[in-house]
Protein chains: 2
Amino acid sequence: MPQQAEQPAANGAPSLGPLPGYVGFNLRRAQVASFRHLERTAGSLNLTPGQFSLLTFLEANPGVSQKTVSQELGVDTSTLTPVLDGLANRQLIRRGRADHDRRTYALSLTPSGTRLLNRMRARIEAQETEMAAALSPGEREDLLNMLERICLRLESNG
Amino acid sequence: MPQQAEQPAANGAPSLGPLPGYVGFNLRRAQVASFRHLERTAGSLNLTPGQFSLLTFLEANPGVSQKTVSQELGVDTSTLTPVLDGLANRQLIRRGRADHDRRTYALSLTPSGTRLLNRMRARIEAQETEMAAALSPGEREDLLNMLERICLRLESNG
DNA sequence: TATTGTTATACTCTATAACTATA
DNA sequence: TATAGTTATAGAGTATAACAATA
């Protein structure tokens, strides 16, 4: 399956063997590189990529419950609770109880949450520009497309 | 930067907003999908993707030190130590002291490490086949290529 | 002094199971 | 009984700093 030949470590330099030929390995590497790059370029805002996704989701869907966030972002509600605690303590989100069902929260951004999200979005988009610079025109859209197809395939199979 | 239009949540279905238009977001999603799929299809072998990479690296480079592994796979030596402890306890790797420098280890696979690696490799390559089935011919190689270019770009910039 | 590796420690992310409160 | 959310707990993964042994 690895379509790229293994590089023999003839010289004494270490070789990654078949690893560079695996999509899974490269996916992991690129994702780690992206997190580390963001840590360097946006670390001062104290928002992880996961927290950014969360705030972005709340901006697009004000009033949603924690259950909905859990389902749509693919993390357990027990994982979400402490994350939301942190964002609420920082006054970035509001956690109003819903009128119709007092078990559920209605989550939304505060004005300061919206401001921080906008600042973070600029850093995220700077990284997207950086990544796009490594691609030729059209490749970026192909890449988004392929990644989505891979997700769907893996989630429906095996 | 997100080139795909946001889907308005007109119907009441939640929307991911601009997230599907970010490469970083899709990278993360695909990587998580890959880990979870592997957990389902290869969990019984008790080898994480990281441990698989490690064993593969040792097979390609028998006799390397922990420092070299650390550098080539991009994890701190203090992270590596307990991982290698676990693999050595399971008799999957050998940790001989090097003759020329008694500080360094010479790491290599045991026969049973090689056998387990071969079994895991079959599961990994089955996943690669599964992912390739979501792509058209040629796309897989393009994808490997793009992911590598993105890594290089992010590691050299910002 | 510098380097290899270990340890202590800490923080994040993740989940399962048992729980509270509401429905 | 069922559902939304919390808590206790546990495990993987990651790193920094201080350390021991060796060079």
Heavy-atom closest pair, residues A:Arg123 and A:Thr41: NH1-O, 3.1 Å
Minimal non-hydrogen separation, B:Pro20 against B:Asn26, with atom names: O-ND2, 3.0 Å
side-chain contact (heavy atoms from CB on, under 4.5 Å) evaluation trace for B:Tyr22 with A:Met131: CA-CA 10 Å; B:Tyr22 295 128; A:Met131 292 192 284; over 6 Å; no
Test item: side-chain donor near acceptor, B:Asn118 and B:Arg115, under 3.5 Å: no
DNA chain C contacts made by residues 23-52 of chain B, counting heavy atoms under 4.0 Å: B:Arg28, B:Arg36
Partners passing salt bridge (charged side-chain N to carboxylate O under 4.0 Å, His left out) against A:Glu139 (at least two apart in sequence or in another chain): B:Arg149
Evaluation steps, side-chain contact (heavy atoms from CB on, under 4.5 Å), between B:Leu135 and B:Leu143: CA-CA 9 Å; B:Leu135 307 175; B:Leu143 176 58; 4.1 Å; yes
Sugar-phosphate, base or nothing in reach of B:Asp76, heavy atoms under 4.0 Å: base
Set of residues satisfying side-chain hydrogen bond (donor to acceptor under 3.5 Å, both in side chains) with respect to B:Thr104, sequence neighbours excluded: none
Where protein sits on nucleotides 5-11 of chain C, one letter per nucleotide: B base, S sugar-phosphate only, - none, heavy atoms under 4.0 Å: SBB----
Derivation and outcome, side-chain contact (heavy atoms from CB on, under 4.5 Å), residues A:Thr68 and A:Asn61: CA-CA 10 Å; A:Thr68 300; A:Asn61 306 277; over 6 Å; no
Throw together a table of side-chain donor-acceptor distances under 3.5 angstrom for residues 71-79 of chain A, partners on residues two or more places apart or in other chains.
from    : atom 1 : to      : atom 2 : distance (Å)
A:Asp76 : OD2    : A:Ser78 : N      : 2.9
A:Asp76 : OD2    : A:Ser78 : OG     : 2.8

Residues A:Glu130 and A:His37: side-chain donor-acceptor under 3.5 angstrom: no
Boundaries of the DNA chain D segment in contact with chain B, non-hydrogen, under 4.0 Å: D:dG13 to D:dA23
